[in-house]
Amino acid sequence: MTETLPHQARADLPPQWTPAEVEGDLYERWVERGYFTADADSDRPPYTIVIPPPNVTGTLHMGHALDHTLIDVLTRRRRMQGYEVLWLPGMDHAGIATQNVVERELAKEGKSRHDLGREAFVERVWQWKAEYGGKILGQMRRLGDGVDWSRERFTMDEGLSRAVQTIFKKLFDDGLIYRAERIINWCPRCRTALSDIEVDHSDDDGELISIRYGEGDRSIVVATTRAETMLGDTAVAVHPDDERYQHLIGTEVELPLTGRHIPIVADPHVDPEFGTGAVKVTPAHDPNDFEIGQRHDLPALTIMDERGVITAHGPFEGLDRFEARPAVVAALRQQGRIVAEKRPYTHAVGHCSRCDTVVEPRLSMQWWVKVESLARAASEAVRDGRTSIHPPELARRYFDWVDDMHDWCISRQLWWGHRIPVWYGPNGEVVCVGPDEEPPGGEGWQQDPDVLDTWFSSGLWPFSTLGWPDRTRDLERFYPTSVLVTGYDILFFWVVRMMLFGLYAMDGEQPFHDVFLHGLIRDAAGKKMSKSKGNVIDPLDWLDRYGADALRFTLARGANPGADMALAEEWAAGSRNFCTKLWNASRFALMNGATVARPVPARDRLTDADRWILDRLDETVSEVDGLFEAYQFGRACDALYHFTWDEFCDWYLELAKVQIAGGGERAEATRAVLGHLLDALLRLLHPVVPFVTEVLWTTLTSGESLVIAEWPARRGAERDGTAARRIAGVQKLVTEIRRFRSDQGLKPGQRVAARLSGLGEADLAGHEGAVRTLVRLDAPADGFTGSASLEIGLPGGTVTVELDLSGAIDVAAERRRLTKDLAAAEKELAGCEAKLANPRFTDKAPADVVAKIRGRRETALADIERIKARLAALPGA
RNA sequence: GGGCGCAUAGCUCAGCGGGAGAGCACUCGGCUUACAACCGAGGGGUCGCAGGUUCGAACCCUGCUGCGCCCA
């Protein structure tokens with residue numbers, strides 16, 4: 001066989017993998033060649049994922065990096081499996097956040113959005129987007145996201161806006177959208193309504209002030225954390241059964257500072273145990289009070305404007321709510337009405353999730369989605385398995401939420417967003433306008449000034465991005481999407497919304513088959529990353545320093561369903577090391593002529609090592625397949641890491657060196673096995689580490705691209721148990737000899753003459769050469785005398801190794817080693833015998849378990865006997 | 001207040017009925033021609049506490065303690 005190898009030309013990989021120099025070009029080539037562009041007319045089965053649209057103002061953070069890595073792993077694997085993959089990218093317009101950004105910019109010019117007027121302001125936002133928006137899209141390229149850029153969407157683009165208007169009209173016509181005056185969460189800084197989930201609650205220090213209303217035996221004491229709201233009180237409520245207040249129910253008291261008289265009402269929702277059992281009722285500024293007000297037909301008095309500034313009420317007019325609070329308390333104190341003050345008083349306070357301003361409950365007219373029937377359908381779709389949530393523990397949280405969902409406040413008092421398509425006529429007409437309809441013209445008609453919640457449009461994302469409301473080819477092909485991958489923290493914000501709208505708009509067809517919810521990124525100590533804590537890790541920094549593959553591998557390897565992930569620099573370095581290892585191993589294989597040009601020879605022409613590693617590859621393929629299917633990214637990566645490093649590199653490559661060194665047909669066969677293994681391994685790793693594998697694979701195979709290569713299938717050959725047992729024997733032999741050498745202080749490189757016996761009995765006759773090479777033992781010369789020896793127990797028999805150490809052996813070290821082994825064997829024996837002595841164990845345990853324990857006892861007994869003999873034979877024993 | 005989850009090696013985490021695992025960190029020895037971003041060897045754990053079920057429990061059940069998250 002000729003040694004002139006066609007592959008020598010391509011064996012000149014650079015000695016080092018330098019991701020920063022090649023990743024960018026590789027990515028652009030993938031995009032140019034259209035690998036990520038989905039073909040709606042192919043006959044492949046579809047696999048669809050829509051990106052959780054990042055915020056147009058945002059930049060890539062670790063949470064995105066994790067989410068995108070997982071999606072990219074899923075889609076790249078499916079593409080290799082022959083699916084027509086669509087990973088659809090895009091962004092949402094982030095109403096409040098974007099408006100804030102542009103308003104801040106205007107503020108620097110000393111202007112407000114009102115100075116510009118609505119139209120000019122919106123124009124200005126578009127300009128801002130064109131100039132600064134969507135930074136994240138460029139950053140996604142650096143990560144390697146295999147998205148279909150030709151289908152990129154934006155929630156404010158024409159098609160998606162049309163979708164918004166279409167569904168609004170449909171919901172309106174079906175009576176599922178209505179307008180009502182209620183208490184909503186109001187952000188006085190953003191000056192807009194917020195939905196319940198846009199409010200974050202925290203326990204803050206405040207004060208609890210007890211105030212006496214009325215005089216003498218007609219007085220009553222109420223406690224409040226928001227004293228200023230007393231200006232808007234229209235009643236005091238007590239529990240109907242509260243004996244303390246029976247005489248007061250139905251009477252009136254004078255409300256201090258205002259001179260108004262307000263009734264004392266009985267309401268079963270008052271908790272008589274809390275405080276004095278009497279509560280002030282401010283229907284316009286508290287959701288519970290609003291309900292009490294409804295039940296008792298009380299007036300609702302709004303005492304603040306949209307900025308949280310007190311309106312009217314004499315001396316308090318014009319004060320901010322937080323200035324008004326002490327002012328009101330002082331005035332009450334002056335009148336001797338403060339009965340008690342408690343500071344600090346810790347209580348839950350709602351904050352705007354966008355700007356952290358304390359939310360002000362406020363009575364106002366807003367648009368709502370009536371969610372009851374939609375939520376029922378959303379619940380049903382998960383209950384009957386049309387959509388399954390992974391990990392399943394989180395399904396419960398989903399049910400708890402949708403089964404008790406409150407109507408959704410969808411109007412926002414902003415300018416940036418989808419304007420509510422409702423027109424009001426001069427005579428009180430209310431007309432909802434569909435996308436193809438002309439708005440009513442003429443004198444006195446006005447469009448509703450508000451826009452819709454951003455989540456309203458992102459709730460349509462899985463189908464609006466595919467062309468809905470038109471029945472497009474994309475929609476037919478790619479809906480329902482295969483899986484939604486996102487963090488569990490936006491289950492309610494977004495996932496639920498998509499379920500509501502998807503089922504409604506698509507005639508009961510669910511928006512995704514699976515929902516996979518991953519955890520949140522934390523720092524090395526498990527703490528949440530935050531700018532204020534200064535523990536934020538920037539993925540771009542890791543991209544620069546370790547490469548995209550290292551970042552991706554770190555994130556994928558750490559992703560365990562339902563669990564958060566702690567990250568530290570060392571993890572990234574470890575992943576980078578893994579890529580380097582893969583690089584070096586591949587370089588070695590290529591330098592030694594690894595090839596895919598020749599098929600792997602028939603099994604009976606292969607060595608034990610070949611058969612073992614091919615079987616292990618097969619097992620790894622199955623294992624990794626199963627784990628990826630179950631969204632077990634972390635374990636899949638671990639399995640790949642272990643196979644690559646601990647089995648392929650540490651053992652097979654070392655054994656292959658021996659096989660190649662022998663030359664001839666064996667060497668050629670080994671080159672084919674190496675080529676086949678590397679080919680499959682690179683394919684398996686490609687979804688997680690696409691860049692380094694692409695370079696190595698194209699070098700190995702001269703193929704066009706790994707992106708469009710086939711995912712490895714199991715060979716299906718019957719596992720060779722004999723080969724596996726023999727390689728396990730070789731491994732034990734090598735490890736034990738290395739341990740002995742290490743204990744005896746022999747340098748790793750130092751060659752030592754040795755005689756091995758008993759290999760035949762242990763069924764390892766053919767492996768002596770490999771063992772000698774791996775542990776640097778030379779053949780015994782004439783007149784060899786072993787000055788030291790060790791015995792290694794193997795299933796078939798005991799192998800004895802006699803070494804010429806040409807010097808005194810370290811007896812103490814040897815005794816330590818043997819004593820330790822003896823203790824372990826004795827512990828093992830004791831454990832086995834205890835079990836076997838128990839008749840209930842031998843009766844009830846499965847036969848194979850009992851047999852296994854019996855076998856372990858025999859092994860332990862033999863070990864003990866052998867070790868004891870060695871110990872007794874040691875000098876000075 | 002209601003609900004959910006987690007407590008396993010120094011750190012971060014897998015394992016979830018039959019031999020305690022990984023990565024990183026640590027100790028010792030090595031530039032052994034793929035790899036010092038590495039190689040070889042090693043140390044380290046009453047699997048939170050207390051009960052129960054079982055022939056057998058890190059794993060299932062109950063209670064407790066301590067953390068975390070979600071919702072009010």
Side-chain angles (χ1 to χ4, degrees), chain A residues 11 13 15-17 196-197 201 271 288 348 350 391 393-394 396-397 399-401 404 488-489 491-492 519-520 522-528 546 550 554 557-560 562-592 632 634-635 637-639 641-642 645-646 649-650 653-654 656-657 734-751 773-776 816-817 820 824 827-828 831-832 834-846 848-850 852-853 855-856 859-860:
Chain A
L13 280 174
Q16 285 225 321
W17 164 239
D196 293 345
I197 52 175
H201 295 272
D271 177 8
N288 294 321
E393 301 93 85
L394 286 169
R396 180 170 180 145
R397 221 185 251 193
F399 289 131
D400 285 350
W401 175 262
D404 183 33
Y488 63 71
D489 56 326
L491 178 62
F492 308 139
L520 275 27
R522 295 171 180 277
D523 73 5
K527 296 260 183 286
K528 231 176 180 166
Y546 298 109
T554 302
R557 192 182 191 190
N560 292 116
D564 289 350
M565 186 189 319
L567 278 189
E569 180 102 22
E570 300 90 284
W571 301 180
S575 300
R576 187 260 327 256
N577 295 355
F578 177 68
C579 294
T580 306
K581 185 73 179 177
L582 184 65
W583 181 266
N584 285 320
S586 302
R587 214 158 56 91
F588 167 80
L590 288 164
M591 276 166 20
N592 283 279
Q632 296 268 7
R635 289 174 63 190
C637 289
D638 265 339
Y641 183 99
H642 176 253
W645 202 311
D646 302 337
C649 293
D650 285 353
L653 287 185
E654 296 306 321
K657 285 178 187 173
V734 166
T735 304
E736 285 296 318
I737 295 169
R738 283 173 176 165
R739 184 158 80 108
F740 178 84
R741 290 181 53 123
S742 181
D743 287 346
Q744 287 298 320
L746 291 174
K747 304 294 180 205
Q750 189 176 336
R751 303 207 67 93
T773 304
L774 263 47
V775 294
R776 291 165 207 287
R816 270 199 306 277
R817 188 171 73 89
K820 193 187 156 201
K827 190 179 168 196
E828 170 77 356
C832 293
K835 278 185 179 163
L836 293 167
N838 183 351
R840 283 166 312 190
F841 171 73
T842 48
D843 288 350
K844 293 196 178 184
D848 59 322
V849 173
V850 177
K852 205 161 83 179
I853 298 293
R856 279 169 54 190
T859 305

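Below, read A as the first sequence line, B as the second, and so on, with proteins coming before strands; counting in each chain starts at 1.
Judged by atom type and distance alone, A:E570 does not reach the base of B:A25 through any side-chain donor-acceptor pair under 3.5 Å. Side-chain atoms of A:E736 stay outside donor-acceptor range of the base of B:A41, with no qualifying N/O pair under 3.5 Å. One donor-acceptor pair, N or O on each side, does fall under 3.5 Å between the base of B:G19 and the side chain of A:E828. Under 3.5 Å, the side chain of A:T580 and the base of B:A37 form at least one donor-acceptor pair of N or O atoms.
Of all the heavy atoms in A:D743 and A:R817, the pair that sits closest is OD2-CD, 2.7 Å. Listed here is the closest heavy atom pair of A:Y488 and A:R397: CD1-NH1, 4.1 Å.
Counting any heavy atom pair closer than 4.0 Å across all strands shown, A:R557 reaches sugar-phosphate atoms only and no base atom. A:A845 comes within 4.0 angstrom of a nucleotide base, judged by non-hydrogen atoms across all strands.
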### Task
Go through A:K581 and A:N577 one step at a time and tell me if the side chain to side chain contact (heavy atoms under 4.5 Å, CB included) criterion holds.
CA-CA 6 Å; A:K581 185 73 179 177; A:N577 295 355; over 6 Å; no

### Derivation of the side chain to side chain contact (heavy atoms under 4.5 Å, CB included) call for A:N584 and A:W17
CA-CA 9 Å; A:N584 285 320; A:W17 164 239; over 6 Å; no

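A:N577 places its CG atom 8 Å from the P atom of B:C24, with the value rounded to the nearest Å. A:W17 places its CH2 atom 16 Å from the C1' atom of B:C35, with the value rounded to the nearest Å. Summarising the geometry, the separation between NZ on A:K527 and P on B:C6 is reported as 19 Å, rounded to the nearest angstrom. Atom NE2 of A:H642 is separated from atom P of B:G23 by 8 Å (rounded to the nearest Å). Here B:C4 presents its C1' atom at 9 Å from CG of A:L394, a figure rounded to the nearest Å. At whole-Å resolution of the value, CH2 in A:W645 and C1' in B:A22 are 13 Å apart. Distance A:D848 CG to B:G17 P: 16 Å, rounded to the nearest Å. A straight line from CG of A:L774 to P of B:C39 spans 14 Å, rounded to a whole angstrom.
Across all strands shown, B:U62 pairs with B:A50; the Watson-Crick or G-U wobble distances both stay below 3.5 Å. Look at B:G18: its Watson-Crick or wobble partner, with both distances under 3.5 angstrom, is B:C55. Here B:G68 sits opposite B:C4 as a Watson-Crick or G-U wobble pair (both hydrogen-bonding atom distances under 3.5 Å). Look at B:A41: its Watson-Crick or wobble partner, with both distances under 3.5 angstrom, is B:U27.
Side chain of A:A563, nearest nucleotide from B:A34, B:A14, B:C69: B:A14. Comparing B:C71, B:G19, B:G23 against the side chain of A:W571 picks out B:G23 as the nearest. Side-chain proximity of A:K844 to B:G15, B:C55, B:A34: nearest is B:C55. Nearest nucleotide to the A:R635 side chain, out of B:G15, B:U32, B:C35: B:G15. When distances run from any side-chain atom of A:S742 to the nucleotides B:G23, B:A41, B:G19, the shortest one goes to B:A41. Looking at the side chain of A:E654, the nearest of the listed nucleotides B:A22, B:A37, B:C35 is B:C35. Distance from the side chain of A:R396 is smallest to B:C4 among B:G40, B:C13, B:C4.
For the C1' atoms, the distance from B:G52 to B:C13 is 29 Å, rounded to whole Å. With P as the reference atom, B:G15 and B:U27 are 31 Å apart, rounded to whole Å. With C1' as the reference atom, B:U46 and B:A41 are 28 Å apart, rounded to whole Å. Going from the C1' atom of B:A9 to that of B:A22 covers 11 Å, rounded to whole Å. A gap of 40 Å separates the C1' atoms of B:C26 and B:C61, to the nearest Å. With both ends at atom C1', the span from B:G5 to B:C24 equals 26 Å, rounded to whole Å. Nucleotides B:A36 and B:A58, compared at atom C1', are 38 Å apart to the nearest Å.
Comparing A:K528 and A:R738 along RNA chain B, the residue whose closest nucleotide (by nearest heavy atom) sits nearer the 5' end is A:R738. For the pair A:T735 and A:R776, nearest-nucleotide mapping onto RNA chain B gives the more 5' position to A:R776.
A cation-pi contact links A:K657 to A:F588, judged by a cut-off of 6.0 Å to the six-membered ring centre and 45° from its axis. Both the sub-6.0 Å distance and the 45° axial angle are satisfied by A:R557 relative to the ring of A:Y641.
Between A:L746 and A:R776 there is no side-chain heavy-atom pair separated by less than 4.5 Å.
OP1 or OP2 of B:C39 lies within a sub-4.0 Å distance of a side-chain N or O belonging to A:K581.
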